[in-house]
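Every number for a ligand or one of its atoms is a count from 1 in the order of the listing. Because the structure is a prediction, the values reported are computed rather than measured.
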Amino acid sequence: MSIDASLEELRELKQRALLGGGADRIEAQHERGKMTARERIEMFLDPGTFEEIDALAADFDNDEGERFFGDAVVTGWGKVNGRTICLYAQDFTVYGGSLGEVVGTKIAKVMDVAMKTGVPVVGLNDSGGARIQEGVGALAGYGEIFYKNVQASGVIPQISVIMGPCAGGAVYSPALTDFVFMVEKTSQMFLTGPDVILSVTGEQTTVEELGGAISHVSKSGVAHFAASDERECLDEVRRLLSYIPNNNMDDPPLEDTGDPITRRLDDILSVVPGESDMQYDVRDVVERLVDNSEFMEVHEFFAPNIVVGFGRIGGRPIGVVANQPLYLAGVLDIDASRKAARFVRFCDSFNIPIVTLVDVPGFLPGVSQEYGGIIAHGAKLVYAYAAATVPKITVILRKSFGGAYIAMGSKHLDADVNYAWPGAAIAVMAGTQAVNIINRREISNAAEPEVERKRLVAEYQKRLEHPYIAAAKGYIDDVIDPVETRTKIAHALEMLRTKSVSVLPKKHGNMPL
Ligand code: HXC
């Protein structure tokens with residue numbers, strides 16, 4: 001064959017790969033309100049940076065006359081905000097994006113490239129699941145991807161973007177990654193669909209109600225972010241990547257934000273009411289604290305009684321964990337513990353300092369919490385903070401009681417710098433509860449029990465509800481003026497840049513999963 005003819009043949013093959021499942025199926029994809037795999041890649045990456053691999057991969061053993069070059073996934077690398085990432089995008093126009101051996105091998109290969117080069121991997125999912133025609137070969141493909149997800153965990157950031165169906169065992173790959181994004185109305189995740197559920201449990205539900213974006217960001221917590229359309233979703237993935245490093249040996253990217261670290265939080269006390277049981281939105285504090293008020297909240301709609309997310313101080317990315325007095329008084333319950341523990345684990349894996357803002361009445365009492373395992377789930381949070389070796393800076397804003405005081409990045413879990421505001425109450429419990437236990441007899445024997453109760457509460461508050469006992473013992477490094485909180489944290493971050501900790505040799509800990 002002449003070189004011209006070879007080139008012509010190559011062009012034809014590439015053209016076939018570009019067309020995926022063909023013009024009709026591309027049209028059908030658009031009619032479903034979805035972009036194609038290639039359109040998504042183009043929108044996601046910096047212009048002109050996509051390098052495709054395995055566009056010519058195909059299933060030669062299973063040729064039924066309609067061979068799809070590239071099969072049902074597009075893989076390769078490109079740049080996001082000028083930084084290289086690896087990615088794959090499932091192509092729904094080929095066998096519904098289903099995963100057979102070729103697709104499984106392609107995804108595993110691009111994950112290997114990401115691990116070898118130490119760059120994040122982003123998966124755009126849109127698939128009918130295991131390719132039914134391929135039987136166990138399809139299951140093997142999934143198994144290998146799950147294995148790679150686990151190998152890559154804590155080495156490179158892994159982000160899953162669900163842009164169509166993701167059903168059956170296929171859901172476990174996203175679940176093994178660090179962050180899951182979903183698109184409202186066009187993406188769904190579930191292990192078994194509504195029909196199977198109806199036949200097994202008799203429950204009636206719809207695909208959207210069961211596995212739509214809103215369900216997963218608010219009820220199950222499986223997804224971290226929901227976007228109203230694909231463009232917004234991909235923009236948010238780009239934004240997330242701007243906070244995180246390429247791999248576990250790298251530092252998170254510095255940015256010149258132009259926001260001075262000496263900026264005082266002059267109106268901070270108008271945001272946080274002095275009375276410890278009054279509500280406020282802790283995001284108003286976070287937004288004042290971080291550079292240019294830019295805060296990317298993670299898991300916004302799941303366990304809103306704790307706020308987690310990324311921001312920058314002095315241009316340096318930080319992970320923020322903050323009790324949220326606006327919901328359930330900011331109490332720690334099962335979901336809040338799981339959410340914060342997972343976030344702390346991510347930050348620790350990828351060298352992102354953790355800034356903790358504490359205003360917590362305690363762990364949530366209740367039979368359902370106990371039966372649901374608050375003991376084990378709360379222990380996850382303790383474990384995550386104790387095991388984290390990144391810089392840990394904690395500020396107690398208003399109150400910190402009981403086990404929650406210990407769990408929320410206390411000095412006892414090896415936090416590096418711990419501050420408290422002057423009004424902070426740090427004790428086993430609030431005086432209003434404490435007197436009912438330790439002064440029960442005096443109160444019931446008093447001529448006027450309610451007056452006596454109030455007197456005892458006031459006495460307890462004066463004696464124990466302040467930060468100075470903790471400061472005297474060194475559990476709090478300093479009691480600071482709230483307006484200086486940003487500067488104090490910035491200075492601590494600067495000092496902790498060279499933090500180095502050695503841990504006892506072990507295979508791995510046994511965290512209470
Ligand atoms: C092969 C599949 C497929 C699959 C869809 N297609 N799913 N081909 N294997 N799993 C094909 C269809 O035949 C069709 O081909 C094209 O993809 C588009 O599918 P439609 O049904 O026309 O699209 P739509 O109406 O949008 O419905 C999408 C869908 C539905 C909801 C995903 O196709 C569906 O329910 N598919 C089966 C899902 C499923 O049960 N998968 C197995 C899950 S178990 P043509 O040629 O017409 O374009 C699993 C186990 C994993 O995944 C285990 C891992 C450990």
Atom indices of ligand 1, in the order listed, that fall short of 4.0 Å to a heavy atom of Pro165
32 (C)

Any idea how Phe179 and His224 line up, ring-wise: parallel (<30°), tilted (30 to 60°), or perpendicular (>60°)?
perpendicular

Give a yes or no answer on whether the side chain of Lys339 reaches the backbone of Phe302 with a donor-acceptor pair at less than 3.5 Å.
yes

Honestly, for Ala130 the part within reach of ligand 1 (heavy atoms, under 4.0 Å) is both

Please determine whether a side-chain nitrogen of the Lys or Arg among Asp126 and Arg40 lies less than 4.0 Å from a carboxylate oxygen of the Asp or Glu.
yes

Distance to 0.1 Å, residue and atom name: give those for the protein heavy atom nearest to atom 20 (P) of ligand 1.
Arg32 NH2, 4.1 Å

What residue and heavy atom of the protein are closest to atom 9 (N) of ligand 1, and at what distance?
Ile132 N, 3.2 Å

State whether any protein heavy atom lies less than 4.0 Å from atom 13 (O) of ligand 1.
no

Can you confirm whether something in the protein, heavy atoms only, sits under 4.0 Å from atom 29 (C) of ligand 1?
no

Please report whether atom 4 (C) of ligand 1 has a protein non-hydrogen atom at a separation of less than 4.0 Å.
yes

What do we get for Phe92 next to ligand 1 when only non-hydrogen atoms under 4.0 Å count, side chain, backbone, both or neither?
side chain

Which atom of Pro245 lies closest to which atom of Ile352, heavy atoms considered
CD-CD1, 4.2 Å

Between Arg238 and Cys233 (side chain of the first, backbone of the second, donor and acceptor by atom type, cut-off under 3.5 Å), is there such a pair?
no

For Gly129, the ligand 1 atoms with a heavy-atom partner under 4.0 Å come out as 52 (O)

Please work out which of Cys166, Gly164, Ala170, Gly128 has its closest non-hydrogen atom nearest to atom 43 (C) of ligand 1.
Gly128

Options Phe146, Tyr172, Tyr142, Tyr95, ranked by nearest heavy atom to atom 6 (N) of ligand 1, top entry
Tyr95

Protein non-hydrogen atoms only, distance under 4.0 Å: does atom 26 (O) of ligand 1 have such a neighbour?
yes

State whether Arg131 and Asp71 are salt-bridged, where the test is any N-O pair (Lys NZ or Arg NE/NH1/NH2 against Asp/Glu carboxylate O) under 4.0 Å.
yes

Per-atom contacts of ligand 1 with Arg131, taking only distances under 4.0 Å to non-hydrogen atoms:
1 (C), 9 (N)

Checking side-chain contact (heavy atoms from CB on, under 4.5 Å) against Ile393, which of Thr356, Leu493, Asp416 comes through?
Leu493

Counting N and O atoms only, with roles assigned by atom type, does the side chain of Ser187 sit under 3.5 Å from a partner on the main chain of Gly164, one being a donor and the other an acceptor?
no

Can you say whether the rings of Tyr405 and His412 are parallel (under 30°), tilted (30 to 60°) or perpendicular (over 60°)?
perpendicular

Nearest non-hydrogen atom to atom 44 (S) of ligand 1 belongs to which of Gly97, Gly168, Ala140?
Gly168

Glu255 with Arg312: basic N within carboxylate O range, under 4.0 Å
yes

Going by a strict under-4.0 Å cutoff (protein heavy atoms only), does atom 52 (O) of ligand 1 have a neighbour on the protein?
yes

Any Lys/Arg nitrogen of Asp229 or Arg231 sitting under 4.0 Å from an Asp/Glu carboxylate oxygen of the other?
no

Nearest non-hydrogen contact with atom 1 (C) of ligand 1 belongs to which option: Glu31, Gln133, Arg25, Glu134?
Gln133

I'd like to check atom 34 (C) of ligand 1 in this structure: does the protein have a heavy atom lying under 4.0 Å from it?
no

Which atoms from ligand 1 have a heavy atom of Gly169 less than 4.0 Å away?
50 (C), 51 (C), 53 (C), 54 (C)

Protein heavy-atom contact under 4.0 Å for atom 47 (O) of ligand 1?
no

With a heavy-atom distance limit of 4.0 Å, tell me whether Ala167 approaches ligand 1 through its side chain, its backbone, both, or neither.
backbone

Under 4.0 Å from atom 16 (C) of ligand 1, is there at least one protein heavy atom?
yes

At a 4.0 Å threshold, what atoms of ligand 1 neighbour a non-hydrogen atom of Leu139?
53 (C)

Are there over 12 heavy-atom neighbours, none belonging to Arg497, within less than 6.0 Å of that residue's CZ?
no

Quick one: are Thr177 and Ile159 in side-chain contact, heavy atoms under 4.5 Å?
no

